[in-house]
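Notes for the one structure printed next.
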2 protein chains.
Amino acid sequence: MPYELLLIGQVQAQSGIAIPTLRYYEGLGLIKAVSRTPGGFRQFSPQVLPRLAFIKRLQSLGLSLAEIQALLAIHDRGQLPCTAVQESLKQKTQVLDQRLEELQELKRELDELLDQWPATTPADNGTICPVLQPVP
Amino acid sequence: MPYELLLIGQVQAQSGIAIPTLRYYEGLGLIKAVSRTPGGFRQFSPQVLPRLAFIKRLQSLGLSLAEIQALLAIHDRGQLPCTAVQESLKQKTQVLDQRLEELQELKRELDELLDQWPATTPADNGTICPVLQPVP
DNA sequence: TTAAAGTCTCTAGTGGACTAGAGAGTCAAG
DNA sequence: CTTGACTCTCTAGTCCACTAGAGACTTTAA
């Protein structure tokens, strides 16, 4: 066995990513085995490790695998994807801001509703819970 | 056709909820048809309308259908679910606070990363994008 | 009576990132 | 040569709230 190539179990051990997930990533085209043993075992270059670190890092920053794949495609064309990464992250902050807005609005609504929750429950008016009236 | 009963299309028209969704809700046990026509068409009591309003309202406040179902079950036992609704909403604010924390932390991380983004891309060091080092 | 509109059941697909299991084949060491 | 660890492919399931489609039947109005 060529000492510089890694079997999938070794990749799992060194990356912390489960084997089925690695195969799943391969299916998506995020990583690929450089070769197979005669018996069909995947052999990975050690270069797969920084690649997986990149994937995990961007995933932890909120990027989807599809977005990450686009960035890896740039890398695979021989370019440094840093500028594109920066773009993706900027865009992600915008989505994040939007999402934060929504959740904060929801929180405001919930807090207000709970603040004004009556001490005594109003009479049943056929609406399941009469406190929950205002549906704007 | 008994004038006080509604066919599913009328429920859709008056609630704004799509027919397949209504059937889906029925499957989950959130609503039920009081009877069927001889030909098998569902007939709903008009009471389904406040019930659907309740569902939509709580859904808009972030509750899952499973949580809503638990509240409806209280109603169906003949009790006012207001106190349980209040509890659910309180709990939801907590989950929401947690989620907001996470997203804000993520935003901080993203902002910091972008703030400190180098004007000139560092040399390629085999990590796909050398700017993305710190993976704590 | 017929046509159009409405409704039925049932199955399967969506998105996103996996996870689980069956059943078979492979590799390295003893 | 056998054992045990490792790996393979393939299918299917998870979560959640729907959505779409096929093919058949019912209802109502003209």
Side-chain angles (χ1 to χ4, degrees), chain A residues 1-3 5-44 48 51-52 54-72 88 92 95-96 99 102, chain B residues 1-3 5-44 48 51-52 54-72 88 92 95 99:
Chain A
M1 190 183 66
Y3 73 97
L5 295 182
L6 306 170
L7 291 177
I8 200 167
Q10 299 173 304
V11 176
Q12 167 181 47
Q14 292 186 45
S15 69
I17 298 173
I19 289 176
T21 304
L22 292 170
R23 290 201 269 248
Y24 172 67
Y25 285 176
E26 190 194 39
L28 293 181
L30 291 169
I31 59 175
K32 64 179 175 189
V34 292
S35 57
R36 297 279 183 129
T37 67
F41 286 16
R42 287 171 183 81
Q43 292 177 308
F44 292 93
V48 81
R51 199 172 173 95
L52 288 169
F54 180 78
I55 292 170
K56 281 229 107 37
R57 178 67 174 130
L58 288 181
Q59 212 176 18
S60 82
L61 290 171
L63 297 216
S64 69
L65 293 181
E67 290 166 319
I68 295 169
Q69 187 166 22
L71 298 172
L72 286 170
S88 285
K92 197 51 61 173
V95 174
L96 198 48
R99 185 85 187 109
E102 291 168 12
Chain B
M1 190 185 66
Y3 71 95
L5 296 182
L6 305 170
L7 290 177
I8 200 166
Q10 299 172 304
V11 176
Q12 167 180 48
Q14 292 186 46
S15 70
I17 298 173
I19 289 175
T21 304
L22 292 170
R23 291 200 270 247
Y24 172 68
Y25 284 176
E26 191 195 37
L28 293 182
L30 291 169
I31 59 175
K32 63 179 175 185
V34 293
S35 57
R36 296 279 183 132
T37 66
F41 286 17
R42 287 170 182 82
Q43 292 178 308
F44 292 92
V48 81
R51 198 171 174 96
L52 289 168
F54 179 80
I55 293 169
K56 281 230 111 31
R57 178 66 174 132
L58 289 181
Q59 213 176 16
S60 81
L61 290 171
L63 296 217
S64 70
L65 293 181
E67 290 166 319
I68 294 169
Q69 188 167 20
L71 299 172
L72 286 170
S88 286
K92 197 51 63 175
V95 174
R99 185 85 187 109

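What's counted below: heavy atoms across the whole structure, side chains too, no hydrogens, waters or symmetry copies. The sequence lines fix the lettering, A, B, ..., with proteins before strands; numbering per chain opens at 1.
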Revision key, fill the gap. When the rotation axes relating C1' atoms of four end pairs to the next four are compared across the helix from C:dT1-D:dA30 to C:dG30-D:dC1, five pairs an end, they differ to 10° by 30°
Point to revise | Residues touching DNA chain D, which here means a heavy atom under 4.0 Å, drawn from residues 21-34 of chain A | key: A:Arg23
Practice item. Output the distance between atom CZ (A:Arg51) and atom NZ (A:Lys32), rounded to the nearest 0.5 Å. Key: 8.0 Å
**Study point:** salt bridge (charged side-chain N to carboxylate O under 4.0 Å, His left out) partners of residues 12-22 of chain A, not counting sequence neighbours, each pair once
**Key:** none
Review point. Which of these nucleotides, C:dT7, D:dT7, D:dC18, is closest to any side-chain atom of B:Leu65?
Key: D:dC18
Point to revise | Interatomic distance, B:Leu7 CG vs D:dT27 P [rounded to whole Å] | key: 9 Å
Check your understanding: If you measure from CZ on B:Phe41 to CD on B:Gln43, what distance do you get to the nearest 0.5 Å?
Key -> 10.5 Å
Practice item. Evaluate the side-chain contact (heavy atoms from CB on, under 4.5 Å) criterion for residues A:Ile55 and A:Ile31: first the C-alpha distance (whole Å), next the side-chain angles of each, then the deciding distance (0.1 Å), finally the verdict. Key: CA-CA 10 Å; A:Ile55 292 170; A:Ile31 59 175; 4.2 Å; yes
Review point. Would you say B:Thr37 reaches D:dT26's phosphate, i.e. side-chain N/O to OP1/OP2 under 4.0 Å?
Key: no
**Study point:** Nucleotide C:dA17, atom P - distance to CG of A:Leu63 in whole Å
**Key:** 10 Å
Review point. For A:Ile8 and C:dG25, what is the distance between atoms CD1 and C1' respectively, to the nearest whole Å?
Key: 16 Å
Check your understanding: Do side-chain atoms of A:Gln10 reach the backbone of A:Leu7 as a donor and acceptor pair under 3.5 angstrom?
Key -> yes
Review point. What is the distance from CD of B:Gln43 to P of C:dT7, rounded to the nearest Å?
Key: 11 Å
What pairs of donor and acceptor atoms, side-chain ones from residues 16-30 of chain A against any protein atom, are under 3.5 angstrom apart with sequence neighbours left out?
from: A:Glu26; atom 1: OE1; to: A:Arg42; atom 2: NE; distance (Å): 2.7
from: A:Glu26; atom 1: OE1; to: A:Arg42; atom 2: NH2; distance (Å): 3.1
from: A:Glu26; atom 1: OE2; to: A:Arg42; atom 2: NE; distance (Å): 3.4

Exercise for review: Just compare C:dT19, D:dT26, C:dT26 and give me whichever is closest to any side-chain atom of A:Phe41.
Suggested key: C:dT26
Review point. Given atom CG of B:Leu52 and atom C1' of D:dC18, what is their separation to the nearest angstrom?
Key: 15 Å
Exercise for review: Hey, could you give me the OG/NZ distance between A:Ser88 and A:Lys92, rounded to the nearest 0.5 Å?
Suggested key: 8.0 Å
**Study point:** d(CZ, A:Arg42; P, D:dC8) in whole Å
**Key:** 4 Å
Point to revise | Length of the CD-P vector between B:Gln10 and D:dT26, whole Å | key: 19 Å
Under 3.5 Å donor-acceptor pairs involving side-chain atoms of residues 58-66 of chain A, not counting sequence neighbours:
from: A:Ser60; atom 1: OG; to: A:Arg57; atom 2: O; distance (Å): 2.7
from: A:Ser64; atom 1: OG; to: A:Ala66; atom 2: N; distance (Å): 3.4
from: A:Ser64; atom 1: OG; to: A:Glu67; atom 2: N; distance (Å): 3.1
from: A:Ser64; atom 1: OG; to: A:Glu67; atom 2: OE1; distance (Å): 3.2

Review point. CD1 of B:Ile8 to CZ of B:Phe44: how many Å apart, nearest 0.5 Å?
Key: 4.5 Å
Review point. D:dC25 phosphate, OP1 or OP2: any side-chain N/O from B:Arg36 under 4.0 angstrom?
Key: no
Revision key, fill the gap. Among the nucleotides C:dT7, D:dA17, C:dT9, whichever has the atom closest to the side chain of B:Gln59 is D:dA17
Practice item. In whole angstrom, give the distance that lies between atom CD1 of B:Ile19 and atom P of C:dT9. Key: 12 Å
